[in-house]
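Computed from a prediction, not measured in an experiment: that's the story for all the values here. Values reported hereafter were calculated over all heavy atoms of this structure, with side chains retained and with hydrogens, waters and symmetry mates removed.
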Amino acid sequence: MPQSPPPPLPLPLLQADCANCFALCCVALPFARSSDFAVNKPAGTPCKNLRQDFRCGIHTRLRDQGFQGCTVFDCFGAGQQISQVTFDGRDWRTHPETRAEMFDVFPVMRQLHELLFYADQALGLPEAAPVHPGLRRMLAETEEWTRADAGSLATLDVAALRGRVNTLLLETSELVRAKVPGRKKNHRGADLMGARLSGANLRGANLRGAYLIAADLSRADLRTADLIGADLRDANLRGADLRGAVFLTQPQLNAAHGDPNTQIPATLTRPGHWT
């Protein structure tokens with residue numbers, strides 16, 4: 001009798017676990033002084049608020065201290081994967097020889113974890129059943145890369161991998177949005193910064209990569225809209241309906257403004273700063 005294939009390995013945790021990370025987002029990544037960050041910081045330099053125990057000294061006051069950008073960043077679990085798996089618990093302070101390589105591959109791992117997050121989300125959508133086999137194959141391949149050593153990660157053509165996964169995510173979006181009757185709006189990659197879209201019917205719309213910074217989306221119908229990569233910084237989502245929105249993430253909600261009347265998917269959490 002032929003043996004059954006081994007069960008797939010469990011996915012790594014796809015949300016940040018800061019207690020098991022060496023504060024990689026606070027060191028490896030750069031940021032520029034802006035409305036999101038109070039100061040400039042080059043890549044590879046620890047943030048001035050980082051303590052010796054790899055914890056943020058102003059974590060509970062980030063918004064008040066001008067570090068709103070930190071509250072909307074999510075590594076999708078890449079930080080602890082690099083810290084505890086790729087580098088086997090060796091931190092960059094105790095083992096300074098790991099610094100350059102660790103900081104270089106952290107953004108690669110973040111992209112891998114982001115792909116895993118979206119592929120896993122797509123597998124949970126019954127309407128996308130026709131592409132589920134392809135998604136499972138890509139999920140397995142991407143998960144295998146998350147267990148690679150740092151040298152291999154440094155040579156990975158992550159853009160090519162993203163392209164292959166994105167093809168399946170596009171098909172997923174089309175299948176899900178096809179159930180919405182009528183003609184759907186296509187604002188893919190559109191510049192909608194500050195747009196007045198209060199009460200707009202955007203149900204099933206394609207908003208992939210759209211710039212919705214400070215847009216007024218109050219009371220807008222965004223059910224089943226594709227929001228992958230949409231920039232929702234300071235967008236007004238008060239009273240908006242985001243139920244069933246495709247590929248909506250917690251960082252996107254954290255970057256926007258909402259209220260008790262904003263309806264969000266059950267898998268996400270209402271941000272604490274919403275009033």
Closest non-hydrogen atom pair between [X] and [Y], with its separation:
{"X": "Pro260", "Y": "Thr275", "value": "CD-O, 3.3 Å"}
{"X": "Ala43", "Y": "Ala28", "value": "CB-O, 3.3 Å"}
{"X": "Ala119", "Y": "Leu139", "value": "CB-CD1, 3.6 Å"}
{"X": "Phe54", "Y": "Cys21", "value": "CB-O, 4.2 Å"}
{"X": "Ala128", "Y": "Ala122", "value": "CB-O, 4.0 Å"}
{"X": "Ala150", "Y": "Phe87", "value": "CB-CZ, 3.8 Å"}

- Message: With side-chain contact (heavy atoms from CB on, under 4.5 Å) as the criterion, how do His59 and Leu62 come out once you've worked through the C-alpha distance, each side chain's angles and the decisive distance to 0.1 Å?
- Response: CA-CA 6 Å; His59 179 70; Leu62 284 166; 4.1 Å; yes
I'd like to know if the side chain of [X] and the backbone of [Y] have a donor-acceptor N/O pair within less than 3.5 Å.
{"X": "Ser83", "Y": "Phe22", "result": "yes"}
{"X": "Trp274", "Y": "Arg238", "result": "no"}
{"X": "Lys184", "Y": "Gly182", "result": "yes"}
{"X": "Arg110", "Y": "Cys25", "result": "no"}
{"X": "Glu171", "Y": "Val131", "result": "no"}
{"X": "Arg162", "Y": "Asp157", "result": "no"}
{"X": "Asp259", "Y": "Gly239", "result": "yes"}
{"X": "Lys41", "Y": "Lys48", "result": "no"}
{"X": "Thr267", "Y": "Pro265", "result": "no"}
{"X": "Arg61", "Y": "Ile58", "result": "no"}

What I'd like to find out is whether the side chain of [X] reaches to under 4.5 Å of the side chain of [Y], using heavy atoms alone.
{"X": "Leu207", "Y": "Leu192", "value": "yes"}
{"X": "Thr262", "Y": "Arg270", "value": "yes"}
{"X": "Arg233", "Y": "Val72", "value": "no"}
{"X": "Val108", "Y": "Trp145", "value": "no"}
{"X": "Leu253", "Y": "Leu237", "value": "yes"}
{"X": "Leu112", "Y": "Phe76", "value": "no"}
{"X": "Met138", "Y": "Thr167", "value": "no"}
{"X": "Thr86", "Y": "Leu153", "value": "yes"}

- Item | Full working for side-chain contact (heavy atoms from CB on, under 4.5 Å) between Glu101 and Asp104 | CA-CA 5 Å; Glu101 196 171 38; Asp104 283 345; 5.7 Å; no
- Message: Is it true that Asn206 and Arg208 share a donor-acceptor pair across their side chains at a distance under 3.5 Å?
- Response: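 No, Asn206 and Arg208 have no side-chain donor paired with an acceptor closer than 3.5 Å.
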- Give a yes-or-no answer on whether the side chains of Arg219 and Ser198 include a donor-acceptor pair shorter than 3.5 Å.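 Yes - a donor-acceptor pair under 3.5 Å links their side chains.
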If I take atom [atom1] from residue [X] and atom [atom2] from residue [Y], how far apart are they, to the nearest 0.5 angstrom?
{"X": "Ile228", "Y": "Asn166", "atom1": "CD1", "atom2": "CG", "result": "6.0 Å"}
{"X": "Arg164", "Y": "Thr142", "atom1": "CZ", "atom2": "OG1", "result": "7.5 Å"}
{"X": "Gln80", "Y": "Cys75", "atom1": "CD", "atom2": "SG", "result": "5.5 Å"}
{"X": "Arg63", "Y": "Asp36", "atom1": "CZ", "atom2": "CG", "result": "9.5 Å"}
{"X": "Gln84", "Y": "Asp17", "atom1": "CD", "atom2": "CG", "result": "8.5 Å"}
{"X": "Ile213", "Y": "Asp191", "atom1": "CD1", "atom2": "CG", "result": "8.5 Å"}

Hydrophobic clusters here meaning ILVMFWY residues chained together by side-chain heavy-atom distances under 4.5 Å, can you tell me if [X] and [Y] are in one?
{"X": "Phe247", "Y": "Leu212", "result": "no"}
{"X": "Leu170", "Y": "Leu248", "result": "no"}
{"X": "Leu156", "Y": "Phe117", "result": "yes"}
{"X": "Leu116", "Y": "Leu168", "result": "yes"}
{"X": "Val246", "Y": "Leu227", "result": "no"}

Please determine whether the number of non-hydrogen atoms from other residues, nucleotides or ligands lying under 6.0 Å from atom [atom1] of [X] exceeds 12.
{"X": "His273", "atom1": "NE2", "value": "yes"}
{"X": "Arg196", "atom1": "CZ", "value": "no"}
{"X": "Tyr211", "atom1": "OH", "value": "no"}
{"X": "Glu144", "atom1": "CD", "value": "no"}
{"X": "Arg33", "atom1": "CZ", "value": "no"}

- Message: Applying side-chain contact (heavy atoms from CB on, under 4.5 Å) to Asp149 and Ser152, what does each step give before you reach the verdict?
- Response: CA-CA 5 Å; Asp149 58 42; Ser152 299; 2.9 Å; yes
- Item | Ion pair check, Arg51 and Asp53, cut-off under 4.0 Å |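 Judged by the 4.0 Å cut-off on N to carboxylate O distance, Arg51 and Asp53 do form a salt bridge.
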- Item | Pair Arg90-Met102, side-chain contact (heavy atoms from CB on, under 4.5 Å): steps then yes or no | CA-CA 10 Å; Arg90 292 174 294 140; Met102 185 181 293; 5.7 Å; no
- So Trp92 and Phe103, would you call those rings parallel, tilted or perpendicular, with 30° and 60° as cut-offs?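 Perpendicular: the ring planes of Trp92 and Phe103 meet at over 60°.
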- Of all residues at least two apart in sequence or in a different chain, which pass the salt bridge (Lys or Arg N to Asp or Glu O under 4.0 Å) check with Asp241?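 With sequence neighbours excluded, Asp241 shows a salt bridge (Lys or Arg N to Asp or Glu O under 4.0 Å) to Arg223, Arg243, given in chain and number order.
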- What side chain to side chain donor-acceptor pair (under 3.5 Å) pairs are there with at least one residue in residues 117-137, not counting sequence neighbours?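 Non-adjacent pairs meeting side chain to side chain donor-acceptor pair (under 3.5 Å): Glu127-Lys179.
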- Item | Contacts of Gln250 that satisfy side-chain hydrogen bond (donor to acceptor under 3.5 Å, both in side chains) - sequence neighbours left out |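 Listed in chain order: Asn254.
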